Asks: 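Next up is a structure, given as structure tokens.
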Amino acid sequence: MTERDKDGDKPSNYRLLMMENKFTLHIAVIAAYKYVIFMPVTRMRILSIDTSGAVCGAAVVDSAAGLLSSASVNTDAVKSTHSAYLMAVIDFILNEAAVDIGAMDAFAVVVGPGSFTGLRVGIATVNGLCYATGKPAVAVSSLEALAWNFPFAADPVCTIIDARQGEVYGAVFQWSDGGFNTIVTPQLFGIPDSLLLLRALNEGRVIFTGGGLAVHKSAITAALGAAAIFPEVTHISPYVVGTLGLKMAQRGEFASELRPIYIRLPLAVERLKSVGG
């Protein structure tokens, strides 16, 4: 006959088994709790570069400490080129942050659209740094980086970069749930077409930013009037590039190959193709 416990409900061997299972379960729960609460979060440090426009900038951003250092040079203002200043800017921010290039976990670079020559300088530099350090890189969109100058914006953000010939590289973003949703994907627009599109998408105000304003601000104002908002910030922040780069790196979104996003071929290439055709 099977021995039963004092209250006569269950066999004693059943009771022992249940005690062992509960004990094991408690240990498992404690272990899982400790793993979730005390599991170390990987700290990342990234060097970001932007040479897509007139401003040549770089920053060192840390996932725990935030911005460690940042510097920018307006190459138009000093009448120079990105290649003349970029390495000096990188050396300066590394010294300011008191870190070595080998301490970077990844690199972030703006891949366009933007200045054809500038994009090539930035990408070539990051490719060299990746080769020298063995660290990966992430590719950041110039149009998205511009939008991130205005987090929490209630109005849509239209980012534009001058593409010459009366055209712009443009996109429209809307802030929602802690990030920007792309309302209009990056593409090449004629200014009249882009303004008609914006009217159709939104009857309220629109925030405009980007280097394209230097050329097209008056046309936008004439078309949209008070509905067009022009903040003072019109260039890409290297810190923003670093922050976006960190998010991408933490998600493992590394670029297998860094290539410039032109959207439209350089004018010289277009002319050669037309002659050859």
Side-chain angles (χ1 to χ4, degrees), residues 42-75 82-83 85-115 117-151 159 161 173 179-180 186 209-211 233-261:
T42 302
R43 182 173 182 175
M44 295 192 75
R45 191 171 287 170
I46 200 166
L47 187 148
S48 59
I49 290 174
D50 172 44
T51 54
S52 63
V55 175
C56 171
V60 177
V61 184
D62 187 286
S63 59
L67 178 65
L68 299 185
S69 61
S70 178
S72 299
V73 175
N74 189 322
T75 57
H82 293 96
S83 57
Y85 276 92
L86 181 56
M87 293 310 298
V89 168
I90 292 173
D91 186 58
F92 174 80
I93 63 171
L94 289 174
N95 286 332
E96 286 293 301
V99 295
D100 184 78
I101 193 71
M104 299 300 111
D105 296 294
F107 301 95
V109 61
V110 175
V111 294
S115 161
T117 302
L119 292 175
R120 290 195 293 270
V121 169
I123 290 172
T125 300
V126 169
N127 277 332
L129 294 174
C130 290
Y131 180 80
T133 62
K135 304 297 175 61
V138 294
V140 177
S141 160
S142 56
L143 294 170
E144 183 179 1
L146 281 166
W148 274 90
N149 283 325
F150 309 99
T159 58
I161 296 171
F173 302 89
F180 277 105
T209 187
V233 178
T234 59
H235 64 271
I236 293 172
S237 162
Y239 170 57
V240 166
V241 177
T243 302
L244 291 175
L246 274 175
K247 292 179 180 180
M248 296 172 71
Q250 288 168 338
R251 294 193 297 262
E253 298 174 0
F254 298 109
S256 58
E257 181 184 6
L258 290 172
R259 302 185 66 178
I261 299 174

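Just so it is clear, the structure is predicted and the values come from calculations on it, not from any experiment.
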Asks: Quick one: do Phe107 and Ile101 satisfy side-chain contact (heavy atoms from CB on, under 4.5 Å)? Show the steps, please.
Replies: CA-CA 10 Å; Phe107 301 95; Ile101 193 71; 3.7 Å; yes
Asks: Main chain of Pro113, side chain of Ser142: is a donor-acceptor contact present, judged purely on distance under 3.5 Å?
Replies: yes
Asks: Just wondering, do Ile49 and Val241 contact through their side chains at under 4.5 Å, heavy atoms?
Replies: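 When only atoms from C-beta onward are counted, Ile49 and Val241 do not touch, as no gap falls below 4.5 Å.
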Asks: Quick check: closest heavy atoms across Ala71 and Phe92, and the distance to 0.1 Å?
Replies: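 In terms of heavy atoms, the two residues are closest at CB-CD2, 3.8 Å.
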Asks: For a side chain to side chain contact (heavy atoms under 4.5 Å, CB included) with His82, tell me which candidate from Thr51, Leu119, Val73 qualifies.
Replies: Thr51
Asks: Check Leu94, Thr133, Ile46 against Met104 for a side chain to side chain contact (heavy atoms under 4.5 Å, CB included) and give me the one that passes.
Replies: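 Passing option: Leu94.
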Asks: Of the non-hydrogen atoms in Val89 and Cys56, which two are nearest, and what is the gap between them?
Replies: CG2-O, 4.5 Å
Asks: Where is the tightest heavy-atom contact between Thr209 and Val233, given as atom of each residue plus distance?
Replies: OG1-O, 2.8 Å
Asks: Mind checking whether Val111 and Ile123 have side chains closer than 4.5 Å, heavy atoms only?
Replies: yes
Asks: How many angstroms lie between atom CZ of Phe180 and atom CG of Leu146, to the nearest 0.5 angstrom?
Replies: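 Phe180 atom CZ to Leu146 atom CG measures 10.5 Å (nearest 0.5 Å).
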Asks: Which atoms form the tightest heavy-atom contact between Arg43 and Ala64, and what is the distance?
Replies: NE-CB, 3.6 Å
Asks: Begin with the C-alpha distance, continue with both residues' side-chain angles, and end with the deciding distance and a verdict on side-chain contact (heavy atoms from CB on, under 4.5 Å) for Thr159 and Phe173.
Replies: CA-CA 8 Å; Thr159 58; Phe173 302 89; 3.6 Å; yes
Asks: Can Leu47 and Val99 be said to form a side-chain contact (heavy atoms from CB on, under 4.5 Å), step by step?
Replies: CA-CA 11 Å; Leu47 187 148; Val99 295; over 6 Å; no
Asks: Please check if the side chain of Asp91 supplies one atom and the backbone of Met87 the other of a donor-acceptor pair under 3.5 Å.
Replies: no
Asks: Has Thr75 got a side-chain atom pairing as donor or acceptor with Ala54's backbone, closer than 3.5 angstrom?
Replies: yes
Asks: What are the two closest non-hydrogen atoms of Met248 and Val140, and how far apart are they?
Replies: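 What the structure gives for the nearest pair is SD-CG2, 4.2 Å.
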Asks: Measure the CG-OH distance between Leu244 and Tyr239 for me, rounded to the nearest 0.5 Å.
Replies: 10.0 Å
Asks: Find the distance between CD1 (Ile236) and OG (Ser141) and round it off to the nearest 0.5 Å.
Replies: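 Reported to 0.5 Å precision, the distance equals 8.0 Å.
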Asks: Check Asp105 against Pro136 and note the closest heavy-atom contact, atom names and distance.
Replies: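 Closest heavy-atom pair between Asp105 and Pro136: O-CD, 3.4 Å.
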Asks: Hey, does the side chain of Asn149 reach the backbone of His235 with a donor-acceptor pair shorter than 3.5 angstrom?
Replies: yes
Asks: Donor-acceptor check, side chain of Ser69 to backbone of Ile93, threshold 3.5 angstrom: yes or no?
Replies: yes
Asks: Assess whether a salt bridge exists between Asp62 and Arg45, defined as any Lys/Arg side-chain N lying under 4.0 Å from an Asp/Glu carboxylate O.
Replies: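 Salt bridge present between Asp62 and Arg45.
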